[in-house]
Amino acid sequence: MGVVKQIKKQAVVAEQAAARTADAFVANQMKSLAEAFRAQADTIRKQKKQKKKK
């Protein structure tokens, strides 16, 4: 499994944890973490595409 796919999977896990928790603060933190994971995955994917173009 590639790095990007693993990071996206972690984003899904974080969102699931956010949905399960009763604490609003923790839920928001987990949602933020999921967004950060997705942003990281997008950045890595873009970097890989740029390397392939060179």
Side-chain angles (χ1 to χ4, degrees):
M1 186 181 314
V3 174
V4 174
K5 194 169 184 178
Q6 289 175 341
I7 294 172
K8 286 184 178 183
K9 189 174 181 179
Q10 287 298 319
V12 171
V13 171
E15 283 183 336
Q16 290 172 346
R20 287 190 307 262
T21 187
D23 188 335
F25 177 76
V26 174
N28 285 332
Q29 291 294 315
M30 295 306 288
K31 288 177 187 176
S32 295
L33 183 62
E35 289 177 19
F37 278 138
R38 286 198 176 89
Q40 185 180 20
D42 289 342
T43 300
I44 292 170
R45 187 177 65 232
K46 287 177 185 176
Q47 288 175 346
K48 283 183 178 182
K49 284 184 180 180
Q50 286 178 351
K51 286 182 181 178
K52 286 183 180 179
K53 287 183 180 180
K54 291 181 179 181

Non-neighbouring partners of [X] that pass side-chain contact (heavy atoms from CB on, under 4.5 Å), sequence neighbours left out:
X	result
Gln29	Phe25
Ala39	none
Ile7	Val3, Phe37, Gln40, Ala41, Ile44

Minimal heavy-atom distance between Ala18 and Met30, with the atoms involved, is CB-CB, 3.7 Å
Residues pairing under salt bridge (Lys or Arg N to Asp or Glu O under 4.0 Å) where one sits in residues 21-43, two or more places apart or in two chains, turn out to be Glu15-Arg38, Asp42-Arg45
